[in-house]
Every structure is written in structure tokens, then in C-alpha cells.
Amino acid sequence: MRLADSHCHLNYKGVAEASDAVLSRARATGVVAMLNISTSESEWDAVVGTAEREADVWATVGIHPHEADEHAHVDTARLIEAAAHPRVVGIGESGLDYYYDHSDRAAQQRSFRAHLAACRKTGLPIVVHTRDAEDDTAAILRDELGKGAFPGVLHCFTGSAELARIALDLGFYISISGIVTFKSAQNLQAVARDLPLDRLLIETDAPFLAPVPHRGKQGEPAFVADTCRFLAQLRGENPEALADATHENFHRLFTKTLA
């Protein structure tokens with residue numbers, strides 16, 4: 001299989017200390033592309049540094065909604081500046097998280113819009129985090145897309161069928177994590193079963209959300225193969241074909257990886 005892990009955190013504690021082994025296991029499993037995601041400005045140098053060292057790893061720059069209160073200074077101009085690095089292929093993760101409300105909702109919305117403006121000006125995809133905030137996420141995406149087009153993906157999708165429809169109508173991709181393998185994820189499985197193949201990505205969100213049969217362990221990019229096999233069975237597709245398709249989708253969305 002030729003797999004792409006479209007969202008992982010290779011510089012998080014637990015993964016970073018075992019980086020060589022983690023990357024070796026991923027490559028042995030067939031992972032040929034990994035997107036290393038940043039969530040705060042303090043991570044940017046390390047996240048990009050990993051992408052500089054590893055030819056099959058790329059990076060994003062962004063501020064997670066949990067961090068919005070502490071990053072009011074990270075505006076569109078700052079994001080555009082950081083995204084100019086040749087190994088930075090996307091902006092995010094950014095979005096709205098009303099489940100934890102670690103940051104003020106207005107601050108989250110301002111930060112999200114700053115990221116979307118940076119995507120519009122650079123042409124880079126937005127990596128969207130949304131939890132318990134479907135209506136506001138959809139409204140902001142529609143509003144910002146009305147100012148000019150940009151690509152994007154809803155990462156670690158656990159939303160409703162309606163949100164999936166809206167995202168697809170807006171031209172976005174949808175990324176499925178190991179959550180889809182959980183017994184409790186029947187609603188997500190129903191959505192994932194019907195997603196168009198040409199808009200589907202797979203991710204681990206490592207070191208989080210390890211899929212069955214690794215549930216309870218620390219996640220790592222190699223586990224994207226387990227999610228791929230589960231999704232293929234769920235959708236009645238060949239696992240290798242699904243791996244190839246989602247790998248191609250990854251490069252079609254994150255076009256800067258082909259530069």
C-alpha cells in the first residue's frame with residue numbers, strides 16, 4: 001500500500017523522542033507521505049524542522065482554537081510569512097472548539113478568519129478543526145469563501161452528515177481518523193461509507209486516537225494502514241485501491257508537496 005497520513009503531530013511528547021523508530025515503522029507499513037501539524041507558534045520551528053530533515057514529511061503553520069486567546073498577535077500577515085517556507089504546504093490546524101471552550105469563542109472566530117484569509121492569499125489549504133461548532137464553522141467558511149476561493153479539509157471528521165454535505169459542496173475534502181474503527185462510532189461510519197472517494201483523506205492525528213486494534217496505545221503514523229483497511233471493508237473497496245486514492249487526494253489537495 002502507498003499511504004498518506006494527512007494529519008499527525010510528530011513533535012508531540014512521546015512521538016518526538018522515538019522519531020526514528022516511529023518513522024521507520026510508518027515507512028515499513030507503506031506510509032509514503034506525512035503531514036506534520038502545528039497547533040501553536042512555539043511549535044513552528046520544530047514542526048518545520050522535521051519536514052526539512054525528512055523528505056516524506058511536510059508541515060503546516062497554524063494556531064489551534066484552544067490556543068486562540070494566547071495568540072492574538074498571530075494575524076494573517078504572520079501566517080503568510082511563515083507559510084512561505086518551501087516545506088510548509090498548509091495552514092492550520094485552526095477552527096472552532098466549543099466542546100472545551102479553552103479560548104473565548106470570539107477569539108477563536110477571529111483567529112479562524114485570519115487563517116482563512118491567509119489561505120485565500122497564499123492558495124494553501126486550510127486544515128479545519130471543528131467540535132460542537134458546526135453551525136458557526138459552516139457560516140464562517142461560507143462567508144470567507146464568498147470573498148475568494150481557497151481549498152481545505154475538515155480533519156478528524158466526527159460531524160453530522162449535514163456538515164459533510166456542506167463541506168463537500170464547498171469543495172472541501174474530509175479526513176477520517178481512527179475514531180471510525182471504534183464500536184461507538186456508528187454515526188461516523190454511516191457518513192464515511194458514503195463519502196466520495198475523490199474527496200477522502202485518512203489520518204492518525206498521532207499521538208492521539210489510535211485505531212482498533214491499537215486502541216489505548218499511543219498513536220503513530222503506521223496505524224493509518226489499520227484505518228485504511230477498516231474503511232475499505234466498510235465501503236466495500238479494495239484496501240490497496242483506497243490507499244492509492246487517498247494518497248493521490250493528499251497530493252491533489254496539498255499541491256505544494258509536488259513542488
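Along the sequence shown, residues are numbered consecutively beginning with 1.
Contact between Pro221 and Val22 at its shortest, heavy atoms only, is CD-CG1, 3.7 Å.
By the 4.5 Å heavy-atom criterion applied to side chains, Val74 and Trp44 are counted as neighbours. Residues Arg235 and Leu200 have side chains in contact (heavy-atom distance under 4.5 Å, counting atoms from C-beta outward).
Leu3 and Val57 fall within the same hydrophobic cluster, defined by Ile, Leu, Val, Met, Phe, Trp and Tyr side-chain heavy atoms under 4.5 Å apart, directly or through other members. Two different hydrophobic clusters hold Val127 and Phe157 under the rule that ILVMFWY side chains link at heavy-atom gaps under 4.5 Å. Cluster annotation: Val128 and Phe208 are assigned to the same hydrophobic cluster (Ile/Leu/Val/Met/Phe/Trp/Tyr, side-chain heavy-atom contacts under 4.5 Å, transitive).
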Can you give me every donor-acceptor pair (side chain of residues 182-197, partner residue at least two apart or in another chain, under 3.5 Å) with its distance?
from: Gln189; atom 1: NE2; to: Val180; atom 2: O; distance (Å): 2.9
from: Gln189; atom 1: NE2; to: Phe182; atom 2: O; distance (Å): 3.2

Taking distance alone, no hydrogens or angles, what donor-acceptor pairs closer than 3.5 Å link side-chain atoms of residues 166-176 to residues at least two apart or in another chain?
from: Asp169; atom 1: OD2; to: Arg165; atom 2: NH1; distance (Å): 2.6
from: Ser175; atom 1: OG; to: Ser6; atom 2: OG; distance (Å): 3.0
from: Ser175; atom 1: OG; to: Glu203; atom 2: OE1; distance (Å): 2.8

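With 3.5 Å as the limit, one finds a donor-acceptor pair spanning the side chains of Glu52 and His85. Counting only N and O atoms by type, the side chains of Thr137 and Tyr98 include no donor and acceptor under 3.5 Å apart. Side-chain contact of Glu93 with His7: a donor-acceptor pair under 3.5 Å is present, judged by distance alone. Defined by atom type and a distance below 3.5 Å, a donor-acceptor pair is present between the side-chain atoms of His129 and Asp97. For the residue pair Thr50 and Asn11, a side-chain donor N or O sits within less than 3.5 Å of a side-chain acceptor on the partner.
For the side chain to side chain contact (heavy atoms under 4.5 Å, CB included) with Trp58, the qualifying choice from Val88, Asn36, Leu35 is Leu35, the only one to do so. When each of Asp132, Asp101, Asp136, Asp135 is paired with Leu96, the side chain to side chain contact (heavy atoms under 4.5 Å, CB included) condition holds for Asp136 and for no other.
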For this session: Step by step, work out the salt bridge (Lys or Arg N to Asp or Glu O under 4.0 Å) result for Asp143 and Arg113.
Result: CA-CA 9 Å; Asp143 184 52; Arg113 287 184 183 274; 2.7 Å; yes

For this session: Give the intermediate values and the outcome of salt bridge (Lys or Arg N to Asp or Glu O under 4.0 Å) for residues Asp75 and Arg78.
Result: CA-CA 5 Å; Asp75 58 7; Arg78 177 71 183 106; over 6 Å; no

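The number of heavy atoms from other shown groups lying within 6.0 Å of NZ (Lys256) is above 12.
With rounding to the nearest 0.5 angstrom, the OG1 atom of Thr255 is 7.5 Å from the CG atom of Leu124. Atom CG in Leu145 sits 8.0 Å away from atom CZ in Arg120 (nearest 0.5 Å). A distance of 10.0 Å separates NE2 of His155 from OG1 of Thr60, quoted to the nearest 0.5 Å.
In this pair, His251 and His247 present their aromatic rings perpendicular. The plane angle is above 60°, beyond the 30 to 60° band.
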